[in-house]
Structure formats: C-alpha cells, structure tokens
Amino acid sequence: MAEKPIRFGIIGCADIARKLSRAITLAPNAELSAVASRSLDKASAFAKANNFPPSAKIYGSYEDLLDDPDIDAVYVPLPTSLHVKWACLVAQKKKHILLEKPVGLNVTELDKIVEACEANGVQIMDGTMWIHNPRTHKMKEFLNDKERFGELKNMHSCFTFAADEDFLKNDIRVKSDLDALGALGDAGWYGIRSILWAVDYELPKTVTALPGAVLNEAGVILSCGAALHWEDGKVATFHCSFLAHLTMDITAIGTAGTLHLNDFIIPFGEKEASFTTVSKSGFTDLVTGWVPVPSQHTVTTDLPQEACMVSEFARLVGNIKANGAKPDPKWPSISRKTQLVLDAVTTSIAQGSKPVEI
C-alpha cells in the first residue's frame, strides 16, 4: 500500500514560494494542501495563480494554517527577521519545517529554531536547492576520487547578479529590518555552503573578509567576499554581490585534478546539468595546448532540483510519521555550520577584515 503524500502548507506569498509551489506539485510524495497570507485575498490570488488544487485550503492568517491538523509540513519563505518567531511556532505545532535560507540572522537565532524542532520531534531542512540536484552527487564523486582529483587545495565560489534600481531601493533583501544580511545572506549563503560541501563540512579555522565590502545607507551588505583557511593549508574564497552580472561559478582545485561549473545554484536547464573535470593535465611538447583537455559531464534528471529537495524532505517526514524515525540531524547541522561561517564574515567585515576564528 502506497504511503500517503506529505501535506504541505505555505505561510507567506513571497516570489520564491511560486517556485516551491510547483516543486511540491511535482514531487511524487508531496501534496500542496494550503497557503496562508496576512490577507485572504492575497492568499486566494496566490493559490489561483500557482495552480493550487481545488482541495487546497486558503487562510487569511499564518496562525490559522498552523492550527490545521491536516497539514504535515510547512514551507516558510518569510523574511529572515521573521524566521525565529514563525519557525519556532511551526515546530511547537508539531509540523515539519522547510525553511528558506539563511535560517537566521545569526547562529543564536538558528539555535533557537533547531532547539524548538528537537523539542518537538520535527524535521527541519533549509531551502538550499542545488545540494539536491543529481549533478551535485556526481560532482562529489569526482572530488572524492583520490586518483582523478587528489586532495582539495583551493576553491573559489561566486554568485552575483546585477540588481536594478528598484531592487536596490525596495527589495526586502536590502532592508535592515527584514533581511539585514543582504547579499551575504541571500547569495553568500550559497557560496559558503558550496565550500563546506566540498570539504565534507569541515569548518575552517579562520575566516577573513576581503577588503572592499559595499554596504548601503542602512548598513546592509550589497557586495562582499571572504577567504577561509584550514589548519591543513586548504584555502577557499567566495564572492557575492547584488552589483555585478549574473555569475554562478565554482572552481575546485585538487592535487591531481580540477572541477569547474558555471551554473551551480540554478542550472542553465532544469532537465540536465553539466560540469567539467580535468585530471593530470600538462602541456603539449611545444607548450601550445593542454593534454588532456577538460571533459564535460552531463547529468539528467526527471525532477527539477527544487522538487528533488521537496521529495527528500517529504521522504524524511514520511519516515518519521510512518515508522517513528528520528529527524535526520544532518540537515540542521549543515545549516548551522553555514551560519557559523556567515557570522564570522559579518564579524570580520565589522572589524575591518581582521581574521575571525571559528
């Protein structure tokens, strides 16, 4: 007998919730069951625009959705400043949480959320979608291959996009009372996560913000970068910005090989995604070319990465519901390490790019 799909509610009608509504619909073990806004009209319009099933419930307050006994899990796309309040309330209602990143404004807020989840036996996962793409698993196989890649020595990650004037004035991501972490929380989170992913989530010893961070008049970061150092000599850097052309690059360099990709957060196409690798390269006899040249690897998927994320989250929730399993601690642990590095970057920026130990 097939297990019942996990019934999702969404609180808040942020733009990203459009994408997650579709992902929940596409995931085979999930069901779009409710949406809530502070305005019933807004919630109704959102449900209609995003093809919610006729059976979906529409609520004019977040509290009403959280009180619905038929909802198993809640997706929370609210501004970061509201996460600690609403995620804790979701957990107290014994509902599992798929929470947009960054999880909190700092690790203290994240710890409050995780503590509430642990106290109520609910699963939490942050909304870092690319981690769930099948391509990501194939890339990790290469990074773990001692023969082809060797030992990681250096990595660089970059996520930038050129925001328009309206965004830079009015978007919640540039408002100190809504998303005070700005580009660091919105874009830098991905860069930090990619670095931690590559090093098997081993925290660096020190984090040093690179000079030249750009802040707006409210003190919100619009552009910044940092260098991460490990005791064994590994070094990684990332750059994030609302002020430069759309770029989503990873370069990971090992002792025997190199991995490159240019669309790590949102693939160029949702049905397939590629990356290039090269191992043990040298120059031709006259130093006019490379031998061997990089090779491209393409990974196909039936589900877009956001639906893969929903499906994995729903699988964990289903295992808890059906089998009494414990929530998987891997996901909050990964979130916490990402947040710790993010916090160190903000501290280093505030201290004039001094190294910060973790």
- [ ] Could you check if a side-chain atom of I334 sits within less than 4.5 angstrom of a side-chain atom of W197, using non-hydrogen atoms only?
- [x] no
field: M139 side chain reached by L259 side chain, heavy atoms, under 4.5 Å
entry: yes
Worksheet entry | Any donor-acceptor pair under 3.5 Å from H260 side chain to F275 backbone | no
Aromatic ring centroids of W130 and H137 under 6.0 Å?
-> no
Under 4.0 Å between a side-chain nitrogen and a carboxylate oxygen: does that hold for R22 and E306? yes
With Q351 as partner, the option from T208, T346, V356 fulfilling side chain to side chain contact (heavy atoms under 4.5 Å, CB included) is V356
field: Side-chain donor/acceptor of T160 to backbone N/O of H245, under 3.5 Å
entry: yes
Exercise. Do the non-hydrogen side-chain atoms of E100 and I16 ever get within less than 4.5 Å of each other?
Worked result: yes
Assess, by modelled atom type and distance only, whether the side chains of D64 and S61 contain a donor and an acceptor separated by less than 3.5 Å.
yes
In short, L181 meets I221 closest at the heavy-atom pair O-CB, 4.0 Å
Name every donor-acceptor pair, under 3.5 Å, that has one atom in a side chain of residues 42-54 and the other anywhere in the protein, sequence neighbours excluded.
{"from": "S44", "atom 1": "OG", "to": "L40", "atom 2": "O", "distance (Å)": "3.0"}
{"from": "N50", "atom 1": "ND2", "to": "F46", "atom 2": "O", "distance (Å)": "2.9"}

Grouping ILVMFWY residues whenever side-chain heavy atoms fall under 4.5 Å, the cluster of L303 otherwise contains L26
Q. Using 4.0 Å as the upper bound for N to carboxylate O, is an ion pair formed by R173 and D179?
A. no
Are F161 and F167, when compared by the centres of their aromatic rings, separated by less than 6.0 Å? yes
Requested in this report: For the pair Y62 and W86, name the ring-plane relationship: parallel under 30°, tilted 30 to 60°, perpendicular over 60°.
Outcome: perpendicular
| Between I124 and L99, is any pair of side-chain heavy atoms under 4.5 Å apart? | yes
Assess whether a salt bridge exists between R135 and D263, defined as any Lys/Arg side-chain N lying under 4.0 Å from an Asp/Glu carboxylate O. yes
Between H96 and V122, the two heavy atoms sitting closest are ND1-CA, 3.4 Å
Within the 6.0 Å centroid threshold, strictly below: Y75 and F8: no
Look at D186 together with K101 and state whether they make a salt bridge at an N to O cut-off of under 4.0 Å.
yes
Checklist entry - Do other residues, nucleotides or ligands put more than 12 heavy atoms under 6.0 Å from D164 CG? => result yes
(request) Examine the side chains of S353 and S348 and answer whether a donor and an acceptor come within less than 3.5 Å of each other. (result) no
In short, side-chain hydrogen bond (donor to acceptor under 3.5 Å, both in side chains) pairs touching residues 280-289 with sequence neighbours left out are E147-K280, T284-T288
Do NZ/NE/NH1/NH2 and the carboxylate oxygens of D166 and K169 come within less than 4.0 Å?
no
Does either side chain, that of H156 or that of T237, offer a donor lying less than 3.5 Å from an acceptor on the other one?
yes
Hey, is K321 close enough to D72 for a salt bridge, meaning N to O under 4.0 Å? yes
